[in-house]
Amino acid sequence: MTAVAYVVAVWLLLIGLYGAVTSRHLVHLVVCLTVAQSSTYVLLLAVGYRDGADAPIFADIPVGSPVVDPIVQALTLTDVVVEATVVALLLALTVQARKRFGTVDPDGIRELHG
Amino acid sequence: MTALQVVALALVAAGGTAVVFTREPLAQAIVTGVFGLFLAILFMLFQAPDVALSQIVVGTVAVPAMVLLTLAKLRREDERE
Amino acid sequence: MALVPLTVAIPLLAAGALAAVKPLSPRRSAQIASIAAAAAVAAVSGVLLARAGGETLVYWFGGWEPRGHVAVGISFLVDPVSAGLVCFAAVLTVAALVFALRYVDVADDLFYVLMLVFLAGMTGFSLAGDLFTAFVFFELMGISAYALAGYNVEQRAPIEGSLNFAVTNTAGSFLLLFGIGLLYGRAGALNLAQLGEALAPESADGLVIVAFVLIAAGFLVKAAAVPFHFWLADAYAVARTPVCILLAAVMSELGLYGLARVYWAVFSGSLGPSHEELRIVLVALGVLTALVGAAMTLLQGHLKRLLAFATMAYVGLMLVGVGLLEAEALAGAAVFVVGDGFLKAALFVCVGIVQHRTGDVDEADLHGAGRPMRWTGLVLVVATAAVCSLPPFGAFLGKSMIEHGASAVDYGWLVALYVAVPALVGAALLRAAARVFLGVGTRAPGGRDPGAEPEEPESEPESRTPVSMFATAVALLACGLAIGLWPGLSGDAVAAAHRFIDRAGYAAVGLGGAGATDVREGHFSSYTPAAHDYLLAALTMAGAAGLAWLSLFRDPRRLPGGRVLQRPLHTLRRLHSGHVGDYLAWLAAGTAVFGGCCALALGT
Amino acid sequence: MSPRGRAWLFVGGALGMALLLAWGLAGVPGSDVPLGRYAGLLADHAVAERHTTNVVIATAFDYRALDTLGEEFLLFVAAVGTTVLLRATREERDEERAARLDEQRGVATSDSLRALGTGLVGPTVVLGVYVTAHGQLTPGGGFQGGVVLAAALLAVYVAGTWLALRHVAPVSALELSEAVGAGGFVLVGIGGLLFAAVFLENFLPFGTKGDVLSGGMVPLANLAVGLEVAGAFGVILTELLDQIVLRRSASG
């Protein structure tokens with residue numbers, strides 16, 4: 001059944017990248033990248049999921065009861081931060097691109113080539 | 001895996017697709033907030049409350065806020081011309 | 001042992017402190033503090049390098065040592081290769097910061113903060129004994145590099161270059177993370193040694209092959225192998241010279257290091273039986289990268305863009321060295337990375353000096369403008385000869401070792417590549433040097449595109465070359481020479497490479513707790529360049545000079561074959577479109593093709 | 001390449017990638033197998049060893065604290081990078097100065113919105129502090145708390161009291177919080193080096209499981225992260241806000 005989660009993860013990665021490839025607006029492109037990035041959260045958490053297990057927080061459940069994988073959750077926390085940092089930088093670049101090129105369409109941002 | 005999780009996964013897949021095909025950035029900022037919420041629900045169902053909380057603060061607050069502020073800045077540039 | 005964490009703690013703490021005291025600090029104090037921090041990292045890693053020659057050091061953060069061969073915490077693993085890379089990166093950071101002393105407008109301390117975090121990212125990535133930690137520091141390195149590449153926000157090109165750089169590499173990091181997720185799903189571990197142990201007993205199945213493909217592709221985006229390379233020239237051509245030094249001489253190479261480390265520590269047990277097939281794929285990729293890079297180098301008139309493609313061509317040569325999957329070739333690649341890295345840094349510094357003096361880096365605009373800078377021109381020409389295998393510079397030794405390793409596995413024909421690619425790159429550099437510093441030959445065609453905005457100087461043009469800049473160039477050249485003259489380097493490198501590719505030995509140290517050591521010395525013969533190596537070096541330099549002469553004084557369309565080549569070269573050039581969507585599409589297609597080739601080569 | 005060609009190239013590559021990923025993912029074990037050895041080890045021992053109830057936070061801040069250190073510096077660098085990339089060029093600075101003169105005239109925001117925003121500031125700050133402080137016990141921690149604190153800034157913005165904010169929390173204070181938070185985590189690590197001989201090793205008493213101060217160095221590291229994150233997001237949002245506020249005040 002986790003197969004459903006993997007299908008969704010692959011779909012999010014590819015559709016997010018598709019959006020970025022065909023994007024005509026840098027802000028749209030950046031948001032599409034966050035969609036692709038969220039595929040990695042779904043993948044990691046699905047890899048660590050166990051049927052019927054609880055969250056790895058032993059505040060209300062006794063130590064030793066079955067829990068889902070805590071490590072992938074720690075990794076995903078870091079991954080979420082990576083997304084936020086990349087978005088911040090890319091948006092800052094977008095603002096400057098608008099000032100220098102007068103457009104936020106990747107078609108118009110073509111100073112470098114050849 | 002429960003039926004609820006499958007529903008949440010379907011919502012996430014649909015939400016992600018909607019974000020990509022909402023080509024107008026202002027509308028997209030709203031849609032992405034909803035998508036972030038779907039993801040947070042999914043993470044709760046995956047028994048990952050810490051990640052869900054992070055996802056809420058980043059996916060539904062910080063990223064849309066940054067996007068909206070950027071769009072406001074871009075509009076300011078448009079107005080200047 | 002307490003020295004190991006200092007390699008990341010020093011630059012990070014210095015960066016935090018610089019940012020905290022920013023409003024109060026007097027002028028220049030940030031420059032001095034950051035140079036001191038980078039020099040401290042260089043010194044610490046130098047000590048570690050000396051110690052790692054005898055035994056591999058493993059440092060467990062938080063004191064979390066493995067329990068029953070399960071890694072609980074995160075380790076840094078110090079062997080000659082990783083310590084050497086850290087030392088190399090730190091020395092180049094010092095050079096870059098010294099070069100930057102004369103930039104008046106980088107008085108903003110945040111430039112130094114970014115440089116220090118960049119250094120910490122490279123350090124942590126090199127030493128990490130844990131796949132996810134490597135990813136985190138890889139991202140740290142990437143994100144500081146995006147900000148540094150776009151530092152000149154007044155101009156258009158840096159913004160576009162940084163955008164392409166950031167978007168393409170972010171997509172690459174998704175692949176890397178997918179690969180990590182797959183491996184964790186299979187092995188339930190993140191420590192490299194433990195992953196290797198978990199995968200080794202099984203023969204490769206779909207999951208292992210795909211995980212390898214994704215991780216390799218993630219690293220190859222950073223290393224800029226074809227067709228993941230498009231962002232490279234955009235980013236390297238627009239960054240400030242001090243940043244270029246680090247990007248071109250270290251960061252690309254760290255992508256290759258990541259590939260090599262992960263292959264040998266994690267995958268070699270499982271994929272080892274079909275390594276001959278994998279060798280074909282990796283060598284082919286390297287050859288393609290080297291040829292595309294060399295061809296694009298010849299077509300450039302923008303000096304920094306020219307050097308960026310030269311970097312790519314040499315990364316291809318290094319990828320061949322790694323991809324031969326053989327100890328001596330790997331040792332040669334390691335020597336080549338360091339030896340060539342210093343020379344490439346020297347070349348960037350020379351171009352940076354020209355830019356500082358004239359405010360321009362276009363070959364056509366600068367025709368003869370370099371006449372007053374004859375000493376800079378001399379350093380540039382010597383460095384060019386050195387990257388064309390001039391003995392006894394380090395690049396010559398590394399290249400000879402790779403060739404020797406290649407012939408040991410029946411890839412002797414690669415000698416032709418190692419003559420042709422440096423000759424083509426050298427020809428482009430000599431042609432540009434002759435036009436800029438001597439004003440000879442026909443004027444370079446075209447110049448900048450009509451409508452393109454003029455390049456702004458990185459700082460106010462000066463009529464004299466600042467001493468700190470020229471000294472940096474000479475010092476880097478001297479370092480390149482020192483690598484070649486280092487007594488016993490080739491023997492040490494071969495010994496280190498044998499340790500590097502020994503997966504079982506790596507696992508024993510990497511999971512063995514504090515007491516485990518891995519001492520092996522003196523079993524490996526060093527390589528002394530033979531007569532035919534000198535002959536090939538002479539051939540390379542003659543080829544470079546001859547081609548440079550042809551391109552200066554002859555119309556390329558009249559040359560034999562010129563007409564035939566013109567069309568494909570034109571097409572190749574047009575593919576480098578500057579459009580970020582194109583780059584992402586190439587990335588997806590490249591991953592699919594590379595994955596398909598690996599699946600054919602490795603699948604049973 | 002034409003948009004059509006680009007899309008086709010990507011679709012071809014994406015199909016190949018989909019096949020590749022499907023092949024790889026088919027090999028991942030299902031969700032009915034026991035936890036891996038690493039995960040099982042931490043799930044079984046973290047509570048006893050670290051006196052924290054939240055194993056995810058114990059993993060992130062103790063067993064794998066180096067990852068979190070790196071993650072913190074990612075945010076640090078993002079804030080520094082945003083500041084660098086959005087710094088005003090010379091001519092823009094002149095424009096800004098002109099705009100700032102208009103700024104004095106105040107911002108036009110409706111009273112109800114202003115009241116709402118002002119009302120939100122207090123609870124948001126309390127929530128942020130609470131989430132940060134209880135990280136080792138319940139879901140949450142310095143990161144989530146820090147973003148909530150930065151979000152309080154937005155509430156202030158809604159309240160239209162941006163000008164007041166500039167006096168309360170000027171950008172340099174945010175930058176300071178960010179730098180101190182980032183450096184503070186390294187110092188926690190160096191504390192381990194000095195008092196327990198290993199970088200990032202715990203050197204504080206663990207306390208009673210369930211207490212706010214339990215978990216040894218975890219609350220301290222959490223606090224450093226909270227400071228860093230609040231500062232970093234604060235800086236990023238302020239950098240993006242700055243000129244918009246000027247525009248509003250100029251036109252309003």
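Each chain gets a letter, A, B and so on, in the order its sequence line appears, and its residues count up from 1. The analysis underlying the following values was restricted to heavy atoms, covering all of them including side chains, and did not include hydrogens, waters or symmetry mates.
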Q.
Heavy-atom pairs under 4.5 Å with chain A: which of D:Pro34, D:Ala14, D:Ala39 has the most?
A. D:Ala39
Q) Any idea which heavy atoms bring A:Ala59 and D:Thr53 closest together, and the distance? A) N-CB, 3.9 Å
**Q.** Gap separating the CG atom of D:Leu85 from the CG atom of A:Leu93, nearest 0.5 angstrom
**A.** 5.0 Å
Q: Side chain from CB out, backbone as N, CA, C, O: work out which of these in D:Leu35 comes under 4.5 Å of a heavy atom of chain A, or both, or neither.
A: both
Q) Which one of D:Val84, D:Val28, D:Thr68, D:Val229 has the most heavy-atom pairs closer than 4.5 Å to chain A? A) D:Val28
**Q.** 4.5 Å side-chain heavy-atom contact, A:Leu77 and D:Phe143
**A.** no
Q.
Just verifying a value: how many Å separate D:Asn54 CG and A:Phe58 CZ, rounded to the nearest 0.5 Å?
A. 10.0 Å
Q | Closest non-hydrogen atom pair, A:Ala92 against D:Leu86 | A | O-CD2, 3.7 Å
Q) Considering only heavy atoms, which portion of D:Arg6 lies under 4.5 Å from any heavy atom of chain A: side chain, backbone, both, or neither? A) both
Q. Are any non-hydrogen side-chain atoms of A:Val63 and D:Asp44 less than 4.5 angstrom apart?
A. no
Q) For D:Val56, is it the side chain, the backbone, both, or neither that has a heavy atom closer than 4.5 Å to a heavy atom of chain A? A) both
Q | Side chain to side chain, D:Met17 and A:Leu13, heavy atoms closer than 4.5 Å | A | yes
Q) Non-hydrogen atoms of chain A under 4.5 Å away: do they reach the side chain of D:Tyr38, the backbone, both or neither? A) both
Atom pairs and distances, side-chain donor-acceptor, residues 71-82 of chain D, under 3.5 Å, sequence neighbours left out:
from    : atom 1 : to      : atom 2 : distance (Å)
D:Glu71 : OE1    : A:Thr78 : OG1    : 3.0
D:Thr82 : OG1    : D:Ala78 : O      : 2.5

Q) Between D:Arg64 and A:Ile71, which heavy-atom pair has the shortest distance, and what is it? A) CD-CG2, 4.5 Å
Q.
Give me the atom names and distance for the closest heavy-atom approach of A:Val10 to D:Ala18.
A. CG1-CA, 4.4 Å
Q. Who in residues 14-25 of chain A is close to chain D, using a strict under-4.5 Å heavy-atom cut-off?
A. A:Leu14, A:Leu17, A:Tyr18, A:Val21, A:Thr22
Q: Check whether A:Asp107 gets within reach of chain D through its side chain, its backbone, both or neither, counting any heavy atom under 4.5 Å.
A: side chain
Q.
At a 4.5 Å cut-off on heavy atoms, which part of D:Val33 comes close to chain A: side chain, backbone, both, or neither?
A. both
Q) If you look at every heavy atom in A:Gln96 and D:Arg87, which pair is closest and at what distance? A) NE2-O, 3.9 Å
Q | chain D contact via A:Val7 - which portion, at a heavy-atom distance below 4.5 Å | A | neither
